[in-house]
4 protein chains.
Amino acid sequence: MGAVKTKRMPRAVREQQMLDAAVRTFGRRGYMAASMDEIAELAGVSKPLVYLYLNSKEDLFTACIRREAHALTAAVRSGVQPDTPADRQLWDGLRAFFTHTAQHPDGWAVLHLQARTHGDAFAAEVTAMREEIVAFVTQLILAAARAAHRDPDFPEHEIAGLAEALVGAAESLADWANATPDVTARQAAATLMNFAWAGLGNLMNSDPWIPPVS
Amino acid sequence: MGAVKTKRMPRAVREQQMLDAAVRTFGRRGYMAASMDEIAELAGVSKPLVYLYLNSKEDLFTACIRREAHALTAAVRSGVQPDTPADRQLWDGLRAFFTHTAQHPDGWAVLHLQARTHGDAFAAEVTAMREEIVAFVTQLILAAARAAHRDPDFPEHEIAGLAEALVGAAESLADWANATPDVTARQAAATLMNFAWAGLGNLMNSDPWIPPVS
Amino acid sequence: MGAVKTKRMPRAVREQQMLDAAVRTFGRRGYMAASMDEIAELAGVSKPLVYLYLNSKEDLFTACIRREAHALTAAVRSGVQPDTPADRQLWDGLRAFFTHTAQHPDGWAVLHLQARTHGDAFAAEVTAMREEIVAFVTQLILAAARAAHRDPDFPEHEIAGLAEALVGAAESLADWANATPDVTARQAAATLMNFAWAGLGNLMNSDPWIPPVS
Amino acid sequence: MGAVKTKRMPRAVREQQMLDAAVRTFGRRGYMAASMDEIAELAGVSKPLVYLYLNSKEDLFTACIRREAHALTAAVRSGVQPDTPADRQLWDGLRAFFTHTAQHPDGWAVLHLQARTHGDAFAAEVTAMREEIVAFVTQLILAAARAAHRDPDFPEHEIAGLAEALVGAAESLADWANATPDVTARQAAATLMNFAWAGLGNLMNSDPWIPPVS
DNA sequence: TATGAATGAGAGTTCATTCAT
DNA sequence: GATGAATGAACTCTCATTCAT
């Protein structure tokens with residue numbers, strides 16, 4: 001069931017094994033329903049070792065959140081090329097995002113479902129990551145407005161709402177894509193780009209957003 | 001602290017008191033962290049009575065989900081007038097939605113945060129409600145396409161994605177509006193309508209969606 | 001092993017049973033080595049009931065200390081007649097003290113050994129009782145001085161030391177009497193009265209303190 | 001924090017460092033609350049080394065008791081000059097005793113508080129030391145009686161009680177002196193000499209014991 | 001001589017749940 | 001219709017102790 005029992009590993013390696021087991025368990029069972037016993041067994045170690053290295057259930061969960069948040073933002077960042085048009089950056093970012101969430105469903109569940117529902121301390125950890133992403137999207141929207149040679153005539157705080165809506169839609173689509181068979185990351189990204197960039201009104205007039213060739 | 005202790009109430013009334021207490025407790029503490037003790041005390045009854053009426057913690061939580069889901073869909077339904085244009089229906093529905101989630105934050109937390117994070121059985125309960133809403137939105141999109149005298153040239157399954165994106169964005173905005181001071185239900189609805197109907201591309205060209213007067 | 005299992009007792013009765021078991025266990029094993037499991041079993045109840053009524057191990061121990069301290073001071077107080085000469089009052093008090101400690105060795109161990117060695121919070125509980133006794137003895141010494149028509153020519157703070165010495169000697173003798181077979185409470189009291197009242201110097205000169213007839 | 005980490009020390013030195021750390025930890029935390037981890041860290045060595053040298057927690061504690069008991073009796077013995085009058089010997093012994101307990105509060109706590117509250121095995125270790133002291137005091141009393149040219153007319157076992165009372169009073173005064181600011185070892189000794197030698201009755205008659213000049 | 005890696009066993013505590021009245 | 005009394009089971013966490021090097 002658990003990992004193969006390999007004895008006497010250096011601490012750093014063991015810690016990663018524990019975090020792997022913890023992310024999987026927290027993601028599937030939920031923070032409270034996950035027991036330290038189960039995590040330890042899945043990691044192939046004894047419970048005291050988990051406590052020795054990770055300190056407490058709360059600290060372990062926090063470590064999971066941080067690791068997964070870092071992995072997700074790193075994935076998105078490395079998928080985007082800075083000096084490309086705004087819509088291209090968004091398209092690349094979304095594909096990286098949906099690809100990562102599809103490949104790490106447990107990590108995504110930890111971030112999106114578990115961390116936000118078990119206390120402010122944990123929620124604050126994800127909020128930090130989320131704000132980074134929202135800021136990235138906000139800046140893309142502003143860049144697009146500049147590219148259209150226009151100062152946006154809607155107020156700053158309205159842009160915050162738009163970015164929030166886009167990010168929220170992406171988060172929901174990630175869950176949806178994970179739950180719906182045969183929906184690829186690329187399709188999810190295309191759907192959202194159309195929705196966000198062209199808008200339903202334009203889509204009705206057959207004026208969709210066209211993905212770049214890559 | 002809890003409800004005023006009135007003895008010998010009819011069962012239906014007592015049950016509602018219990019559900020009130022349970023929704024509040026589940027919404028604030030989370031499903032697992034909420035204790036039957038706390039719920040019973042908040043409801044002003046003894047624990048055995050809770051079990052007599054609601055049977056178990058799981059059943060109690062399920063009853064909460066159903067009641068709140070029903071209340072939310074009823075609120076949205078009663079906000080929409082069937083024989084109006086699609087964008088008007090969406091606008092009315094969104095306003096009803098954001099109004100309800102703002103007025104019942106605990107119920108919304110139960111549906112959006114708690115029910116989805118504690119096992120498939122509970123998640124399935126919300127999924128039923130969610131599918132109803134997604135179906136409503138899907139039908140609005142199709143109606144809009146018909147109104148534009150066009151068969152949508154993107155496949156059925158693409159529409160599902162669009163509806164999903166819209167609903168997901170709405171859910172996220174509900175959390176955002178609840179957490180951000182001074183954001184009204186109307187503002188949240190306007191932001192989302194602009195985003196969804198006009199799209200970011202059009203917004204850049206100063207071609208926003210215009211809310212109806214009401 | 002434990003008490004006969006009698007079901008459904010009123011809370012007050014069960015609490016006393018639990019305190020009985022706790023005093024015995026704490027007194028014999030020590031505070032830390034005593035397990036809540038053992039106490040519960042000895043009391044003939046399940047562990048959760050102990051927690052329901054007494055809250056925590058710390059609270060349970062505190063409750064033990066208070067009950068035993070109260071019992072001991074009550075025993076001493078009721079053994080002394082206020083309007084008798086100082087040496088008679090001391091003699092009566094010591095007999096009551098040694099009688100009580102001999103009859104409640106576990107309670108005495110809780111007060112004298114355990115409560116003072118496991119943290120300031122517990123120690124403070126006994127200190128309160130001890131100070132009451134020291135104050136009583138101090139006042140006896142002053143009364144004796146007045147009876148000898150003399151203002152004591154040693155300073156206040158010296159009297160504190162004398163009272164402390166007398167009480168400390170009594171405490172040690174209580175342990176000694178409990179540990180030494182065939183030493184009665186009366187003998188212990190007589191030894192200490194001779195030592196304290198007449199002093200070793202006088203005893204050498206065959207001038208002991210003579211116990212009253214009673 | 002702990003001792004400076006110096007590698008490869010001779011065994012005897014390392015052992016003393018460990019005992020220093022152990023006495024301090026046992027004295028402050030108590031036997032059970034003291035953890036081998038803390039002791040090892042305070043000693044500046046790894047835990048396995050503690051086990052290699054001292055074998056087990058019980059053995060380590062026993063070693064502490066023996067070392068501190070030896071140190072205390074040695075201090076008292078070296079303070080007393082054999083061929084002096086009994087009261088002078090007692091006076092010198094008490095001063096040495098109070099001086100040592102004031103200078104080694106952790107060691108005194110180990111002997112007086114901890115060793116007696118955690119099982120007969122440990123208690124027996126202190127009992128050995130205590131009996132040595134009681135025997136010394138008993139012999140002083142007998143010497144005083146002989147000096148008064150009288151065979152004491154109270155039985156052997158009464159003398160045991162007197163010695164016990166004196167030693168018990170000294171032990172209590174040691175705690176009291178440590179806990180009361182500005183009480184010197186000399187003052188504690190004087191208080192106890194007055195109390196023991198002259199007795200309260202004589203003190204009332206202004207016939208105290210007079211300390212020798214030194 | 002010395003230690004980083006690891007654990008079996010058991011502690012205090014809490015909870016959903018039921019019985020007897 | 002309603003409750004005070006009671007518990008089995010599980011949880012987080014800690015500790016003395018050892019192995020392999």
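Order of the sequence lines sets the chain letters (A, B, ...), proteins ahead of strands, with each chain counted from 1. Keep in mind that the numbers below use all heavy atoms, side chains included, and drop hydrogens, waters and symmetry copies.
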Determine, for nucleotides 14-21 of chain E in 5'-to-3' order, which nucleotides have protein heavy atoms under 4.0 Å from the base (write B), from only the sugar-phosphate (write S), or from neither (write -).
BBSBBBS-
Applied to residues 115-125 of chain D, the side chain to side chain donor-acceptor pair (under 3.5 Å) test, sequence neighbours excluded, yields Arg66(D)-Glu125(D)
dA2(F) P sits how many Å from Glu41(B) CD, rounded?
18 Å
Whole-Å distance separating the CD atom of Gln16(A) from the C1' atom of dA5(E)
17 Å
OP1 or OP2 of dA6(F) versus the side-chain N and O atoms of Arg14(C): is any pair under 4.0 Å?
yes
Rounded to whole Å, please give me the gap between CG in Leu49(A) and P in dG8(E).
11 Å
Should the pair Asp106(A)-Arg29(A) be classified as a salt bridge under the 4.0 Å nitrogen-to-oxygen rule?
no
Sequence-distant partners of Lys47(B), side chain to side chain donor-acceptor pair (under 3.5 Å), two or more places apart
Asp37(B)
Under 4.0 angstrom, heavy atoms only, what part of the nucleic acid is Arg11(C) near: base, sugar-phosphate, or nothing?
sugar-phosphate
Stems involving DNA chain F: give each as a range paired with a range, ordered by first number, where a stem means at least three consecutive Watson-Crick or G-U wobble pairs under 3.5 Å.
E:2-21 with F:2-21
Whole angstroms only, please: what is the OH-C1' distance between Tyr53(B) and dA2(F)?
8 Å
Rounded to whole Å, how long is the line connecting atom CE of Met9(D) with atom C1' of dT1(E)?
12 Å
Separation of atom CG in Asp59(C) from atom C1' in dG12(E), rounded to whole Å
13 Å
Does CD in Glu58(B) sit with more than 12 non-hydrogen atoms of other residues, nucleotides or ligands closer than 6.0 Å?
no
Over how many whole Å does the gap from Glu15(C) atom CD to dA6(F) atom C1' extend?
14 Å
Residues that Ala123(D) engages under side-chain contact (heavy atoms from CB on, under 4.5 Å), provided they are two or more places apart
none
Kindly indicate, with the supporting measurements, whether the criterion side chain to side chain contact (heavy atoms under 4.5 Å, CB included) is fulfilled by Met129(D) and His70(D).
CA-CA 8 Å; Met129(D) 169 199 71; His70(D) 183 78; over 6 Å; no
Sidechain-backbone polar pair: Lys57(D) side chain, Ser35(D) backbone, donor-acceptor under 3.5 Å
no
Would you find a donor on one side and an acceptor on the other, under 3.5 Å apart, between the side chain of Gln114(A) and the backbone of Tyr31(A)?
yes
Taking ring-ring contact (aromatic ring centres under 6.0 Å, His included) as the definition, give me every residue that meets it alongside Tyr53(C), ordered by chain and number, with sequence neighbours left out.
none
